[in-house]
Each structure stands twice: as C-alpha cells, then as structure tokens.
Amino acid sequence: GAGVSQSPSNKVTEKGKDVELRCDPISGHTALYWYRQSLGQGLEFLIYFQGNSAPDKSGLPSDRFSAERTGGSVSTLTIQRTQQEDSAVYLCASSLDRELAGGQETQYFGPGTRLLVL
Amino acid sequence: AQSVAQPEDQVNVAEGNPLTVKCTYSVSGNPYLFWYVQYPNRGLQFLLKYITGDNLVKGSYGFEAEFNKSQTSFHLKKPSALVSDSALYFCAVPTGGGNKLTFGTGTQLKVEL
C-alpha cells in the first residue's frame with residue numbers, strides 16, 4: 001500500500017517568510033510524528049500526534065513552530081518567520097496506535113521535505 | 001535517560017565481506033531497539049527491531065542484528081555486503097514513554113568493489 005507522503009519535496013524560502021509542510025500518513029495509522037534532520041543536530045524529534053491531539057510537543061524549538069492534524073489524517077507543520085537555522089530536512093512518520101504499546105510500534109517515514117532558508 | 005550510541009562515524013567494507021555497524025544502548029528495563037537505513041536524499045527505511053524473544057533478529061535486505069544484554073549492544077550485521085548497501089544507518093530507541101524515537105548519530109557505510 002501507499003507509504004507516508006510529504007509535500008513539497010523541496011522548499012526554498014526567504015528569511016522571515018512563513019512555510020507550511022504537509023504530511024499524509026499511512027492509512028489507518030493513528031499516530032503521527034515530525035522530526036528534523038540537520039547536519040549539526042542529527043535527527044531530532046519535534047512533535048507527536050495521537051489522533052488529532054498532540055500530547056507531546058516537547059521538541060518544537062520555538063513558538064515559531066506549530067503543527068496541527070485534522071481528521072486524524074493529514075498533518076501540517078508551520079514555521080513562521082523562518083530563520084536560516086531552520087534549514088533542514090523535515091521528516092514525518094506514522095505508526096499504528098501507540099497507546100500502551102510502550103514504543104513497540106514501528107514508525108514508517110516519509111521521504112522528507114528539504115527546507116532551505118536564504 | 002534512554003539513549004543509543006553509534007561509536008563509528010564511517011565503516012568501510014569490501015563487497016562480499018561481512019559487515020557490522022555498531023550500536024550500544026543505555027536503557028532502563030527491557031529495551032526496544034530499532035535500526036533504520038537512509039539512502040541519499042531519501043527518508044528513513046525501517047530495517048528491523050528487537051522487542052523481546054530471540055536475540056538474533058532478522059530484517060529486510062538480508063540484514064540481522066544481535067541483541068546482547070551483557071554488552072548492552074545491538075549491532076547490525078550482514079554476512080555478505082553489497083555496493084548497494086552503501087548508506088547511512090541509524091539505531092534508535094523509544095523515549096518519552098514511547099512517544100518518540102531517539103536516534104544515534106548515524107554510521108555511514110561504504111561498500112567498495
């Protein structure tokens with residue numbers, strides 16, 4: 001079946017502009033995650049959704065970052081007033097229900113959105 | 001805090017030779033451990049995971065990993081490397097009550113003819 005999809009695949013923006021990144025999880029996966037991959041910081045967790053709620057936002061680096069999920073499916077990560085340090089690959093993943101699983105469920109990743117802030 | 005470490009930034013191996021990519025863990029209780037692979041300009045692909053049971057876990061593309069509790073290791077192995085195995089490999093552990101994965105720093109595997 002279809003995997004996790006993300007759009008756009010590449011985004012170039014100017015410092016100070018807002019950007020929206022989209023993630024379509026695997027059908028039936030109730031859990032959704034955003035991560036960021038950058039040269040200096042490696043792979044970092046940003047936010048976790050269970051259904052439409054986000055019980056763990058601990059990885060969002062500043063209040064310029066926000067995310068939402070609607071209909072228990074598509075998620076959008078928004079970065080306001082982008083800065084050059086926001087340049088990175090943003091990865092989305094989804095998994096089956098994580099509640100009570102204690103981390104056993106496999107996360108499946110999308111191809112990522114490569115963001116470049118000029 | 002739960003964490004994993006990958007002590008080697010890069011591993012070079014000749015095609016046809018066995019390969020090992022190392023990962024050690026620091027986890028309280030019974031660990032869940034994962035291996036992912038990333039090809040250039042691609043997302044992460046799941047290879048295998050250890051939950052419980054047999055210490056030797058078999059995964060995709062002929063890879064396997066051995067869970068060793070006494071050495072707190074979960075090394076990734078393949079009996080015969082292919083040039084197409086050249087990629088970036090990450091081990092990972094669930095943290096935050098299982099709500100997220102914490103990754104190692106990654107190991108670049110280069111398989112040469």
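Here is the naming used below: chain letters follow the sequence lines, and residue numbers restart at 1 for every chain. It should be emphasised that the depicted structure is a prediction, and the values quoted were computed from it without experimental measurement. Any value given below was found using the heavy atoms of this structure, including those in side chains, with hydrogens, waters and symmetry copies removed.
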Next on the checklist: I'd like to know whether CZ of B/Arg42 has more than 12 heavy-atom contacts from other residues, nucleotides or ligands below 6.0 angstrom.
Outcome noted: no

Checklist outcome for this item: Output for pair (B/Lys100 NZ, A/Leu46 CG), nearest 0.5 Å, gives 10.5 Å

Checklist entry - Roughly how far, to the nearest 0.5 Å, is OG1 of A/Thr106 from CG of B/Leu48? => result 9.5 Å

Next on the checklist: Need one label for B/Ile51: side chain, backbone, both or neither, based on atoms under 4.5 Å from any heavy atom in chain A.
Outcome noted: side chain

Next on the checklist: Hydrophobic clusters here meaning ILVMFWY residues chained together by side-chain heavy-atom distances under 4.5 Å, can you tell me if B/Leu19 and B/Val37 are in one?
Outcome noted: yes

Next on the checklist: Quick one, A/Gln37 and B/Phe90 - any side-chain contact, counting heavy atoms below 4.5 Å?
Outcome noted: yes

Checklist entry - With hydrophobic residues grouped by side-chain heavy-atom distances under 4.5 Å, do A/Val4 and A/Leu115 end up in a single group? => result no

Checklist entry - With a 4.5 angstrom heavy-atom cut-off, which part of B/Gln45 approaches chain A: side chain, backbone, both or neither? => result neither

Checklist entry - Would a hydrophobic clustering, with Ile, Leu, Val, Met, Phe, Trp and Tyr connected at side-chain separations under 4.5 Å, put B/Leu56 with B/Leu47? => result no

Checklist entry - So, B/Tyr36 side chain and A/Phe109 main chain: donor-acceptor pair closer than 3.5 Å or not? => result no

Next on the checklist: At a 4.5 Å cut-off on heavy atoms, which part of A/Ser58 comes close to chain B: side chain, backbone, both, or neither?
Outcome noted: side chain

Item to check | Residue A/Leu118 excluded, over 12 heavy atoms near CG under 6.0 Å | outcome: yes

Item to check | A/Gln104 to B/Tyr32 - nearest heavy-atom pair and separation | outcome: NE2-OH, 3.2 Å

Checklist entry - So, do B/Thr102 and A/Phe45 sit near enough that their side-chain heavy atoms are less than 4.5 Å apart? => result no

What side-chain donor-acceptor pairs closer than 3.5 Å can you find for residues 70-82 of chain A, not counting sequence neighbours?
| from | atom 1 | to | atom 2 | distance (Å) |
| --- | --- | --- | --- | --- |
| A/Ser75 | OG | A/Trp34 | NE1 | 2.9 |
| A/Ser75 | OG | A/Glu68 | O | 3.0 |
| A/Thr82 | OG1 | A/Glu14 | O | 3.3 |
| A/Thr82 | OG1 | A/Lys17 | O | 2.9 |

Item to check | Side-chain touch B/Asn41/A/Arg114, heavy atoms, less than 4.5 angstrom | outcome: yes

Checklist entry - Should B/Leu76 and B/Leu33 be counted in the same cluster of Ile, Leu, Val, Met, Phe, Trp and Tyr side chains packed under 4.5 Å apart? => result yes

Checklist entry - With side chains defined as the heavy atoms from C-beta onward, is the minimum distance between B/Leu101 and A/Tyr33 less than 4.5 Å? => result no

Checklist entry - Does one hydrophobic cluster hold both A/Leu21 and A/Ile47, with members joined at side-chain heavy-atom distances below 4.5 Å? => result yes

